[in-house]
Novice: 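Structure provided below as structure tokens; questions to follow.
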Amino acid sequence: MDHHATGGDDRAGPAAWLSRTQEAPMQATATIGVDSARQPHEPPSTEGTRTPADAREAAPEWRELGLSAMSALLVVSLSHAGRHSFRAVCQWPRWHPLNERALAVTHHPLLLVESTRQLAALAQARCLPAAESPPRLRPVSVALGTDPRTRPVETGAATEVAVRVTMSDVSVASGALTGYRITAEYFHADRRFGVCAMVFAAAQPPAVDAGTGSFAGLLHPAPAAVGAAAEPDVLVARAPQGRLLIVPRDGAHPVLLPGGPAELPLHAVLEAGRQATLLYQGRPPSAVVGLAVRSAGAVPGRGAAVDVVPEENGARFVVLDAGRAVASGTVTLAGP
């Protein structure tokens, strides 16, 4: 199963190289085709999602989702639409920390990832099998695709989006949930503008330090060069020898690195790959129409190298720790 997110022809693209690498047990796939804006995609009905039928559909609490503050909550509601499907409503604030400070804002693509992660946490807690001591699950594969012609532009306070959610590949061992896949389709003004898929599996014990060595002589790029809204959002820096390293400006970034973890969460690895690609290709953030990443090991909080290899419709990237590949992914770019 290929792990890709592309805004162009589904038969080929910058994620195709992953099929030549070692296969993971499950990989996320999210595709927005080139004709998506013209094809009918019936949005999920949100009728009744704000008036829950039972406790499992009550409005989410930010602590329930493991968030550090109520302001980080993006999910407004989640309700059943079928045995393994749900409908949801999310609100994306115009002034989200990752968004540019502009009169008209196109939301950062990581809002799709964080919304999907929150939806997964909510569905897992309320609707999937539980055990007395369940294993901790974490994303091991993420992919998203967007259509630049239908993604919303916000000039007010927040964008409300409808979401169709599907759970699949649910794995249970000894009565405990051990893995699953979630796919979320995002709609605004009755048009689909994004798809995000994530695969969750049991978390392995951390075997990495935070990378506390010396990083003297590093040059962090300007935020605009990597599609970041502000300096604290910049995750990559160039070493004196010219290689790109993941060395966050803010090691405890409230969205990318909450709590200052020793190991980079997968969404931060994805963002580092996006930033490295934009810097290497010299393209604006609006050109990004697809992102994908797959974990192959622990990525230290500081010091991992990120190599970018350009391809016809974007680039692939590999994250290396002490010369060992610990993550890989793709960035799909719209036409020149």
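Atom set for the values below is all heavy atoms of this structure, side chains included, hydrogens, waters and symmetry mates excluded. All values reported here derive from a predicted model rather than from experimental measurement.
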Novice: Going by heavy atoms in the side chains, are V226 and R274 under 4.5 Å from each other?
Specialist: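 A side-chain contact under 4.5 Å is absent here.
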Novice: Check the side chains of S171 and T178 for a donor-acceptor pair under 3.5 angstrom, ignoring hydrogens and angles.
Specialist: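 Per modelled atom types, T178 and S171 side chains form a pair under 3.5 Å.
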Novice: Taking the side chain as every heavy atom from C-beta outward, state whether V113 and V142 have any atom pair closer than 4.5 Å.
Specialist: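 Result yes, sub-4.5 Å side-chain heavy-atom pair found.
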Novice: Can you find a pair of side-chain heavy atoms, one from S168 and one from Y180, that are under 4.5 Å apart?
Specialist: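 Answer no - side chains too far apart.
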Novice: Taking only residues at least two apart or on different chains, which pairs with a member in residues 101-124 satisfy ring-ring contact (aromatic ring centres under 6.0 Å, His included)?
Specialist: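 Counting only pairs at least two positions apart or across chains, the ring-ring contact (aromatic ring centres under 6.0 Å, His included) contacts touching residues 101-124 are W92-H107.
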Novice: Would you say E100 has more than 12 foreign heavy atoms packed within less than 6.0 Å of its CD?
Specialist: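 Open: at most 12 neighbouring heavy atoms sit under 6.0 Å from CD of E100.
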Novice: Are V163 and S115 side-chain neighbours, meaning at least one heavy-atom pair lies under 4.5 Å?
Specialist: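 Contact flag for V163/S115 side chains = no.
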Novice: Is the closest side-chain heavy-atom distance between V195 and T183 below 4.5 Å?
Specialist: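 Counting from C-beta outward, V195 and T183 do come under 4.5 Å.
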Novice: Taking the side chain as C-beta and beyond, is there a heavy-atom pair between F86 and M167 under 4.5 Å?
Specialist: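 When only atoms from C-beta onward are counted, M167 and F86 do touch, with a gap below 4.5 Å.
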Novice: So with a 6.0 Å cut-off around CZ of R83, is the heavy-atom count from everything else above 12?
Specialist: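 Not more than 12 within 6.0 Å, no.
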Novice: Are any of the side-chain heavy atoms of D307 and F317 separated by less than 4.5 Å?
Specialist: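 Result no, sub-4.5 Å side-chain heavy-atom pair not found.
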Novice: Is there a side-chain contact between L218 and L245 in this structure, where contact means two heavy atoms from C-beta onward sitting under 4.5 Å apart?
Specialist: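 In short, these two side chains touch, coming nearer than 4.5 Å.
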